[in-house]
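Computed from heavy atoms alone, side chains included, the values below leave out hydrogens, waters and symmetry copies.
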Amino acid sequence: MKKWYAVIGDPIKQSMSPGMHEAWFDEESIDACYIPIHVTADRLREAVEGLKNLGCSGWNVTVPHKSAIIPFLNQLDASARQMNAVNTVHVLGDGTLVGSNTDGKGFVRSLEEAYGEKCKDKKVLVIGAGGAARGISFALQSAGYGPIFFTNRTLEKAIQLADDLSNSAVLSVSDAELSLSEFGLIVQTTSVGMNFSQLGMPLNPGNVSEGTVVADIIYNPLETEFLSESRKRGAHTLNGVGMFVHQGALAFETWTEVRPETGFMIDKITTTLGG
Ligand code: ATR
């Protein structure tokens with residue numbers, strides 16, 4: 001029987017995941033399809049039961065269900081437990097629903113695809129202390145990066161995150177701005193700079209030094225103001241397209257045990273977004 005996969009979220013219309021996974025199924029000659037499903041928060045439990053009962057083999061989870069879905073799953077892997085959030089569900093042969101989170105590892109793969117291990121043994125600054133910051137910092141640390149410093153508009157949240165992650169510390173936004181030149185890798189994980197949301201920058205990149213890698217997880221726009229200002233100061237930059245593609249590739253691997261080609265997908269999405 002043809003297998004099928006899905007992504008659930010609210011809103012869901014804008015998701016680029018269906019196009020990406022369907023292209024990979026084609027490319028890998030796998031007889032499967034992937035559909036977007038609009039699920040509101042009040043219907044999440046029924047949606048999970050429905051997906052399972054209708055034979056869905058796995059699905060992605062996006063805003064606002066990444067944490068709310070946890071009580072409806074049977075197992076979580078270490079990544080989902082660390083992040084307290086799930087972006088991938090795999091339905092095992094006996095119907096067990098296993099949640100995982102590929103966002104953090106997707107970021108690390110994207111970083112290493114672009115810059116190899118250039119940022120290893122350098123100090124890392126993570127801007128933001130939400131779900132994305134948590135996933136990325138745990139994945140960076142388990143891949144051997146660090147020490148990791150956090151800065152965030154709401155400092156208490158950064159302190160909480162640093163409490164959960166060994167070999168990490170917190171800086172106020174103004175102290176982070178003053179010490180930017182000390183970092184070999186700066187990762188912007190907030191929503192500041194996103195199109196249709198809140199343009200602007202989470203902090204002033206005036207002190208970024210030449211050769212520093214500055215990554216932003218936003219991919220729309222392809223180059224946030226934070227990235228373009230950092231690039232003008234000689235930084236090497238990385239936008240969020242690679243992380244998006246790699247988190248999808250890791251989900252695809254979980255479901256199919258096939259590692260899809262990511263390079264052409266990054267080019268394709270970059271072109272779609274106007275690059
Ligand atoms: P995600 O799962 O995408 O990380 P989140 O958990 O809601 O989303 O976290 C959003 C992050 O963006 C937080 O670090 C948030 O800062 P606060 O903890 O102070 O709320 C940050 N953020 C959102 N809007 C911001 C703004 N206008 N200025 C600075 N930081 C902002």
Side-chain angles (χ1 to χ4, degrees), residues 5 7 15-17 19-21 23-25 27-28 34 58 60-62 66 77-83 85-90 98-122 124-128 130-146 148 165 183-189 212-220 222-224 227 235-270 272-273 275:
Y5 299 86
V7 57
S15 174
M16 290 191 296
S17 292
M20 179 164 75
H21 286 277
W24 279 332
F25 287 137
E27 192 76 13
E28 303 294 341
Y34 184 110
N60 286 126
V61 184
T62 188
K66 287 185 175 188
D77 82 348
S79 63
R81 278 199 305 273
Q82 277 165 350
M83 292 179 69
V86 163
N87 77 340
T88 303
V89 175
H90 187 199
V98 183
S100 59
N101 200 312
T102 64
D103 285 334
K105 200 164 169 199
F107 174 80
V108 174
R109 278 205 188 170
S110 159
L111 175 72
E112 295 188 345
E113 183 176 65
Y115 293 110
E117 304 217 321
K118 176 178 157 59
C119 304
K120 281 239 166 110
D121 306 318
K122 305 256 173 71
V124 178
L125 178 67
V126 172
I127 305 169
R134 177 173 287 268
I136 287 171
S137 54
F138 274 89
L140 279 170
Q141 187 167 80
S142 64
Y145 290 82
I148 296 177
L165 188 78
F183 295 96
L185 172 63
I186 298 171
V187 190
Q188 197 305 103
T189 73
T212 296
V213 174
V214 179
D216 199 316
I217 68 166
I218 293 171
Y219 52 81
N220 194 2
L222 287 167
E223 188 176 59
T224 58
L227 280 193
H236 301 299
T237 60
L238 181 68
N239 67 24
V241 175
M243 174 177 168
F244 171 70
V245 170
H246 280 282
Q247 64 73 32
L250 285 155
F252 191 93
E253 275 177 70
T254 303
W255 297 326
T256 65
E257 294 177 2
V258 172
R259 187 167 179 164
E261 176 65 49
T262 48
F264 85 97
M265 191 58 69
I266 290 174
D267 293 346
K268 190 171 153 180
I269 290 177
T270 302
T272 307
L273 291 171

Does any N or O in the side chain of E28 come within less than 3.5 Å of the main-chain N or O of F25, such that one atom is a donor and the other an acceptor? no
Do side-chain atoms of D77 reach the backbone of S100 as a donor and acceptor pair under 3.5 angstrom? no
Checking R109 against T262 for the side chain to side chain contact (heavy atoms under 4.5 Å, CB included) test, could you report, in this order, the C-alpha distance in whole Å, the side-chain angles of both residues, the deciding distance, and whether it holds? CA-CA 10 Å; R109 278 205 188 170; T262 48; over 6 Å; no
Would you please classify the geometry between the H21 ring and the Y34 ring as parallel, tilted or perpendicular, with 30° and 60° separating the classes? parallel
Contact summary for G184 and C119, nearest pair of heavy atoms: O-SG, 4.0 Å
Does S110 use its side chain to pair, donor to acceptor, with the backbone of G106 at less than 3.5 Å? no
In Å and rounded to the nearest 0.5 Å, what is the CD1 to CG distance from I218 to N220? 9.5 Å
Test L273 against M16 for side chain to side chain contact (heavy atoms under 4.5 Å, CB included), laying out the working first. CA-CA 10 Å; L273 291 171; M16 290 191 296; 4.2 Å; yes
Within the side chain of K120, is there an N or O that forms a donor-acceptor pair under 3.5 Å with the backbone of A143? yes
Using every non-hydrogen atom in the two residues, find where A23 and K268 come nearest and quote the distance to one decimal. CB-NZ, 3.6 Å
Stepwise side chain to side chain contact (heavy atoms under 4.5 Å, CB included) check, M83 with K66: CA-CA 10 Å; M83 292 179 69; K66 287 185 175 188; over 6 Å; no
Note: N60 and A251 closest approach over all heavy atoms is ND2-CB, 3.6 Å
From L140, T212, V214, residue fulfilling side-chain contact (heavy atoms from CB on, under 4.5 Å) relative to L185: L140
Using a 3.5 Å distance criterion without hydrogens, assess whether the side chain of Y115 forms a donor-acceptor pair with backbone atoms of T237. yes
I need the minimum non-hydrogen distance between N101 and N87, along with the two atoms involved. CA-OD1, 3.3 Å
Just by modelled atom types, is the E223 backbone N or O under 3.5 Å from a matching donor or acceptor in the N239 side chain? no
Closest contact, heavy atoms only, H90 versus T254: CE1-O, 3.4 Å
Which heavy atom of T189 sits nearest to which heavy atom of A133, and what is that distance? OG1-CB, 3.4 Å
Nearest 0.5 Å, please: how far is CD1 in I266 from CZ in F244? 11.0 Å
Please report the C-alpha distance between F138 and S79 in whole Å, then the side-chain angles of each, then the deciding distance to 0.1 Å, and finally whether the side chain to side chain contact (heavy atoms under 4.5 Å, CB included) criterion is met. CA-CA 8 Å; F138 274 89; S79 63; over 6 Å; no
Describe, in one word, how the ring planes of W24 and F252 are oriented to each other, choosing from parallel (under 30°), tilted (30 to 60°) and perpendicular (over 60°). perpendicular
Consider only side-chain N and O atoms of T224 and D216, and report whether a donor and an acceptor are under 3.5 Å apart. yes
